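A quick write-up on the structure given underneath.
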Amino acid sequence: MDKVFNKLRNLDAYPKINEDFYSRTLTGGVVTIVSAAFMLFLFFSELRLYLYTVTESELLVDTSRGETLHINFDVTFPAVRCSMLSLDSMDISGEQHFDIRHNIMKKRIDANGTVIEVKKDGLGAPKIERPLQKHGGRLGHDEEYCGSCFGAEESDHHCCNSCEEVREAYKKKGWAVTDTDLIDQCKREGYVQRVKDEEGEGCNIHGSLELSKVAGNFHIANGKSFLHSAFFLADLLGIHDSHFNISHQINKLSFGDDYPGLVNPLDGVKWAQGATHGMYQYFIKVVPTIYKDIRGRVINSNQYSVTEHFKSSEEGAFPGVFFFYDISPIKVTFKEDHLPFLHFLTNICAIIGGIFTIAGIVDSSIYYGQRTIKRKREIGKYT
């Protein structure tokens, strides 16, 4: 057993020196303090680097199919009244949505930007006792309401019970509603009067859209829009004004949820209309993005780049703000990560060992240099 211990003792790479042979010096103490301070500095620098989250990016081909695109928007029009704004969307697959109202809120604002009223978009007809029936008389006590479509009926049983339904019937016929005062439903709902009451006001429209993840566009236009001969036209319900001021400010426009470091180029963008009226267009390139944080939480979102263009009404442009978007085939993945613990431990060992080694070399050089000078002085005294 003693032989085993002796062999282990011979393997000791750190032989001990008797304290009688130690020589402590002032310069050695200074070198120790400096090296210890430098060692602490490097240790905390390495610790901060270890705790700091590094974001790595990766580019992949987007192979996803059948997903939806979630769009958040908040746009202010200082010179367009809320009743005259409508939101429509259309994509390359042929899917169309006109006068979107779901998840859309409008704020009436005055010339100073003060909010007058906040309401969910939608007209809604007030209840009255005896509305006009299709047969020309007033609603009887035991009758079911069936309003006239004023010549746009598709069949004998077709009823138009609201101003909106009358307008829809006219759309299908390709007719324009020119005098709403002659339509009982529109007169009861007071839509035109409401538009007139909002004269001189502005509007903030905000909400979200859930659309198919294909190229398309959505736009905020003046007047309730409809499709006729494959072109967007305006049915202004008897209120005609070819000089709409579409000056606007985009408070927010994002495609998907926010994630750390996301920059939306159109947030806070303002545009003021000059003497020329027309359509303002934003051409947006949407890049699918996946963000994975340090806790493993995954956020599916999108980034985008944008270019802008104004098309005047002289070129046949319809007044409004149009957002044309296209989907990039490349997907970006961001992943939060930090240095592995073993890497951190290796760096700490390298710092401690390296500084001890360098400090030992510096201390030895100073010590032997001082001793050599001392010997030379002693020899000089005896010669």
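Note that the structure is a prediction, hence the values are computed from the model and not measured.
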Would you say [X] and [Y] make side-chain contact, with heavy atoms under 4.5 Å?
X	Y	answer
Trp271	Tyr280	yes
Tyr259	Phe334	yes
Arg297	Ile299	yes
Asp62	Lys213	yes
Thr307	His309	no
Lys107	His206	yes
Ile250	Phe73	no

same_hphob_cluster([X], [Y]) at 4.5 Å side-chain heavy-atom cutoff:
X	Y	value
Ile327	Leu266	yes
Leu69	Val306	yes
Val115	Met105	yes
Leu51	Phe341	yes
Val263	Phe323	no

How long is the gap from [atom1] on [X] to [atom2] on [Y], to the nearest 0.5 Å?
X	Y	atom1	atom2	result
Gln281	Phe310	CD	CZ	9.5 Å
Glu46	Leu345	CD	CG	10.5 Å
Asn217	Ile92	CG	CD1	11.5 Å
Leu209	Ser89	CG	OG	6.5 Å
His248	Leu85	NE2	CG	12.0 Å
Asn302	Ile71	CG	CD1	9.0 Å

Discussion item. The test is side-chain contact (heavy atoms from CB on, under 4.5 Å); show your working for Phe344 and Asn347 and say whether it passes.
Written reply: CA-CA 5 Å; Phe344 167 72; Asn347 288 347; 5.8 Å; no

Might you point out which heavy atoms bring [X] and [Y] nearest each other, and give the distance in Å?
X	Y	value
Ile330	Pro288	O-CD, 3.6 Å
Gly278	Ile246	O-CD1, 2.9 Å
Lys106	Ile205	CE-CD1, 4.1 Å
Ile104	Ile100	CG1-O, 3.8 Å
Cys160	Ala169	SG-CB, 4.0 Å
Gly256	Asn72	O-ND2, 3.3 Å

Would you indicate whether [X], at its atom [atom1], is surrounded by more than 12 heavy atoms from other residues, nucleotides or ligands within a distance under 6.0 Å?
X	atom1	result
Glu314	CD	no
Lys270	NZ	no
Lys335	NZ	no

Using only atom types and a distance under 3.5 Å, with no angle test, would you say the side chain of [X] pairs donor to acceptor with the backbone of [Y]?
X	Y	answer
Glu336	Asp293	no
Ser313	His277	yes
Asp267	Leu253	yes
Ser35	Val31	yes
Glu95	Asp91	no
Ser247	Gln273	yes

Worksheet item: Hey, mind stepping through His70 and Ser254 against side-chain contact (heavy atoms from CB on, under 4.5 Å) and telling me if it holds?
Response: CA-CA 8 Å; His70 186 75; Ser254 64; over 6 Å; no

Worksheet item: Do the side-chain N and O atoms of Asn204 and Thr76 include a donor-acceptor pair separated by under 3.5 angstrom?
Response: yes

Let me check something: any side-chain donor-acceptor pairs from residues 348-359 under 3.5 Å, sequence neighbours excluded? List them with distances.
| unit_1 | atom_1 | unit_2 | atom_2 | d |
| --- | --- | --- | --- | --- |
| Thr357 | OG1 | Gly353 | O | 2.8 |

Worksheet item: What do you reckon, Cys82 and Cys203 SGs under 2.5 Å?
Response: yes

Fill in: With Asp337 via salt bridge (charged side-chain N to carboxylate O under 4.0 Å, His left out) - residues at least two apart
none

Worksheet entry | Audit row: Val80, Ile220, side-chain contact (heavy atoms from CB on, under 4.5 Å) steps and yes/no | CA-CA 11 Å; Val80 183; Ile220 305 171; over 6 Å; no

Fill in: Aromatic ring pairing Phe322/His219, orientation class (parallel under 30°, perpendicular over 60°, tilted between)
parallel

Fill in: Stepwise side-chain contact (heavy atoms from CB on, under 4.5 Å) test for Tyr291 and Asp257
CA-CA 10 Å; Tyr291 192 91; Asp257 298 328; over 6 Å; no

